[in-house]
Asker: 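Next up is a structure, given as structure tokens.
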Amino acid sequence: MFDRIGYDIALAAPTGRAAKRMSEATSREAKTVHRLLEMDFTGGTPVFKRDEKTRLDEDIIIIDEVSMMDCMLMDALCRAIKPGARLILIGDADQLPSVGAGNVLCDIIESGRFATVELKEIFRQAGESLIVTNAHAINHGEYPNLSSNKNDFFFILRERDDEIARTIADLCASRLPRKYGEEIRAGIQVITPSHKGGAGTIALNALMQRTLNPPSNGKHEKKVRDVIFREGDRVMQVRNNYDIAWDKDDKSGIGIFNGDIGKIESIDFAEETMTINFDERIAVYDFTMLEELEHAYAITIHKSQGSEYPVVIIPAYGAAPQLLTRNLLYTAVTRAQEMVIIVGRPDIVSAMVDNNRLSKRYTGLKYLLSAEDS
């Protein structure tokens, strides 16, 4: 619509993964907010080149996944928008709050000072999906339907953590590929509440590496800290790196971002490099950069925020109580595009729905926005 009117538009999101999704959905360039604001590290302290003195040129700024934005980043963004431009914020206030300070999206909505549209109606096509109906049920404090193993939402009962982990590894290695074809492997993502425990990321990644990518004479591997990276492993970049160069077909670019997931294609000990394929973007890491990688057979729900995957597998196990919350379960379920599989204990699922504990955020933003003279 804005294109037809003739406005210049900028698309951005807080994370590289979310920006990539935005770009795929719109077939136009989307950037991280940091890149939109032209963050510069040359002086040692990161600063934004775009600010109230050098504002953005675009007439329309559209930001997705705003629930992930903290006060400082939103402040920097607002300072850089020129007078008369329009700022459109898109996000889900019921997902996990930002890692940094503040509760920006909720405060903006609850202030009542801005035009807000909330999508609440389940249309007929989406209503046929148990992912959608169960996500709405969880969000409203109702238990999801775990008894129907048809459609696109499945529950597999397992009591012990080791049983949960083995079942998840078996689903990824044989059961799902046998039923849906080998091509499903690339679309499966295990997301779990915690790093710790028998079905946390540490245990699951170790088990799934042994199951899906065991050592062999033909595979090189490199030990970093207490982790072994092996050719064929699934890995994730865990911090934004704006300097890593990549090539894709006849294109090239720079930047691999926090949450980007790839596959180790080769390890070269002579050159001390590792080549990783991030969705056909081929990046070469030297061994000094491997601290920025983790295994990604299983990732935390927090790390998955801003991403979507065709198939999501969620272990329901006895993690720390502060992690077994309604908004964490809601966030996990809404990462799936085509299928959700929960493996574990139904009482844990019920406990997560019942636990609407939200971390208290002392921000003052809602009060300041609501004030008569603001």
Side-chain angles (χ1 to χ4, degrees), residues 65-68 89-99 102-112 116-159 164 191-194 197 199 300-309 312-363 366:
E65 297 288 355
V66 178
S67 64
M68 302 175 73
L89 306 177
I90 304 168
D92 189 339
D94 295 312
Q95 288 185 20
L96 300 170
S98 59
V99 174
N103 201 11
V104 174
L105 181 61
C106 284
D107 285 349
I108 287 173
I109 293 170
E110 292 176 6
S111 73
T116 303
V117 175
E118 186 177 1
L119 306 180
K120 295 193 290 187
E121 183 174 349
I122 302 176
F123 292 93
R124 184 181 62 80
Q125 295 90 337
E128 297 170 359
S129 166
L130 273 180
I131 296 175
V132 175
T133 54
N134 278 338
H136 277 259
I138 292 166
N139 201 25
H140 290 100
E142 302 166 6
Y143 299 141
N145 179 1
L146 302 181
S147 60
S148 174
N149 277 337
K150 298 177 181 177
N151 213 304
D152 56 3
F153 195 106
F154 303 89
F155 177 78
I156 301 173
L157 174 64
R158 295 290 185 272
E159 292 291 342
I164 294 170
I191 58 177
T192 182
S194 176
T300 62
I301 297 170
H302 283 87
K303 276 290 185 186
S304 75
Q305 192 169 4
S307 302
E308 286 185 350
Y309 313 95
V312 167
I313 302 177
I314 307 164
Y317 76 107
Q322 63 267 29
L323 293 173
L324 300 179
T325 63
R326 183 187 301 174
N327 65 347
L328 200 78
L329 180 60
Y330 172 75
T331 300
V333 169
T334 53
R335 298 310 89 207
Q337 296 169 317
E338 300 170 13
M339 185 188 303
V340 169
I341 303 173
I342 299 179
V343 182
R345 294 162 43 189
D347 62 304
I348 294 294
V349 177
S350 299
M352 293 181 80
V353 174
D354 291 338
N355 183 8
N356 199 27
R357 173 185 175 274
L358 302 174
S359 58
K360 183 68 175 174
R361 297 282 176 118
Y362 297 93
T363 66
K366 176 184 171 182

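All of these numbers come straight from a predicted model, not from anything done at the bench. We use all heavy atoms of the structure for the numbers below, so side chains are in, but hydrogens, waters and symmetry mates are not.
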Asker: Can you sort out the partners of Glu110 under salt bridge (Lys or Arg N to Asp or Glu O under 4.0 Å), two or more places apart, ordered by chain and number?
Answerer: Lys366
Asker: Taking only residues two or more places apart in sequence or in another chain, which ones pass side chain to side chain donor-acceptor pair (under 3.5 Å) with Asn139?
Answerer: Asp94
Asker: Can you list everything that forms a side chain to side chain donor-acceptor pair (under 3.5 Å) with Asn327? Sequence neighbours excluded, please.
Answerer: Thr325
Asker: Which residue pairs pass the salt bridge (charged side-chain N to carboxylate O under 4.0 Å, His left out) test with at least one member in residues 317-341, sequence neighbours excluded?
Answerer: none
Asker: Suppose we screen for side chain to side chain donor-acceptor pair (under 3.5 Å). Which residues come up paired with Gln95, at least two apart in sequence or across chains?
Answerer: Gln305
Asker: For residues Thr192 and Ile301, determine if any side-chain heavy atom of one lies less than 4.5 Å from a side-chain heavy atom of the other.
Answerer: no
Asker: Find out whether Val349 and Leu329 are in side-chain contact, i.e. whether some heavy atom of one side chain is under 4.5 Å from a heavy atom of the other.
Answerer: yes
Asker: Taking salt bridge (charged side-chain N to carboxylate O under 4.0 Å, His left out) as the cut-off, I'd like each qualifying pair that reaches into residues 137-146, sequence neighbours left out, listed once.
Answerer: none
Asker: Grab the two heavy atoms, one from Val333 and one from Val340, that are nearest each other, plus how far apart they are.
Answerer: O-CG2, 3.8 Å
Asker: Which residues pass the side chain to side chain contact (heavy atoms under 4.5 Å, CB included) test with Asp152, sequence neighbours left out?
Answerer: Ser129, Leu130, Ile131
Asker: Could you tell me whether the side chain of Pro346 reaches within less than 4.5 Å of the side chain of Leu146, counting heavy atoms only?
Answerer: yes
Asker: Applying side chain to side chain donor-acceptor pair (under 3.5 Å), can you list everything that pairs with Tyr317, at least two apart in sequence or on another chain?
Answerer: none
Asker: Taking only residues two or more places apart in sequence or in another chain, which ones pass side chain to side chain contact (heavy atoms under 4.5 Å, CB included) with Ser350?
Answerer: Tyr143
Asker: Go through Asn134 and Asn145 one step at a time and tell me if the side chain to side chain contact (heavy atoms under 4.5 Å, CB included) criterion holds.
Answerer: CA-CA 7 Å; Asn134 278 338; Asn145 179 1; 3.7 Å; yes
Asker: Taking the side chain as C-beta and beyond, is there a heavy-atom pair between Ile156 and Ile341 under 4.5 Å?
Answerer: yes
Asker: So which atom in Ala316 and which in Ile342 form the shortest heavy-atom distance, rounded to 0.1 Å?
Answerer: CB-CG2, 3.9 Å
Asker: Just wondering, do Ser194 and Thr300 contact through their side chains at under 4.5 Å, heavy atoms?
Answerer: no
Asker: When you compare the side chain of Tyr309 with that of Ser304, does any pair of heavy atoms fall below 4.5 Å?
Answerer: yes
Asker: Consider only side-chain N and O atoms of Thr363 and Asn103, and report whether a donor and an acceptor are under 3.5 Å apart.
Answerer: no
Asker: Going by heavy atoms in the side chains, are Leu323 and His302 under 4.5 Å from each other?
Answerer: yes
Asker: Identify, with sequence neighbours excluded, every residue that meets side chain to side chain contact (heavy atoms under 4.5 Å, CB included) alongside Ile109.
Answerer: Ala93, Leu105, Thr116
Asker: With side chain to side chain contact (heavy atoms under 4.5 Å, CB included) as the test, would you mind laying out the steps for Leu328 and Met352 before giving the verdict?
Answerer: CA-CA 8 Å; Leu328 200 78; Met352 293 181 80; 4.3 Å; yes
Asker: Of the non-hydrogen atoms in Ala199 and Ile164, which two are nearest, and what is the gap between them?
Answerer: CB-CG2, 4.1 Å
Asker: In Å and rounded to the nearest 0.5 Å, what is the OH to CG distance from Tyr330 to Asp92?
Answerer: 3.5 Å
Asker: For Asp347, what residues pass the salt bridge (Lys or Arg N to Asp or Glu O under 4.0 Å) criterion, not counting sequence neighbours?
Answerer: Arg345
Asker: Sequence neighbours left out, what passes side chain to side chain contact (heavy atoms under 4.5 Å, CB included) with Ser98? Give chain and number order.
Answerer: Asp70, Arg361
Asker: Can you give me the closest heavy-atom contact between Ala319 and Pro193, atom names plus distance?
Answerer: CB-CB, 4.4 Å
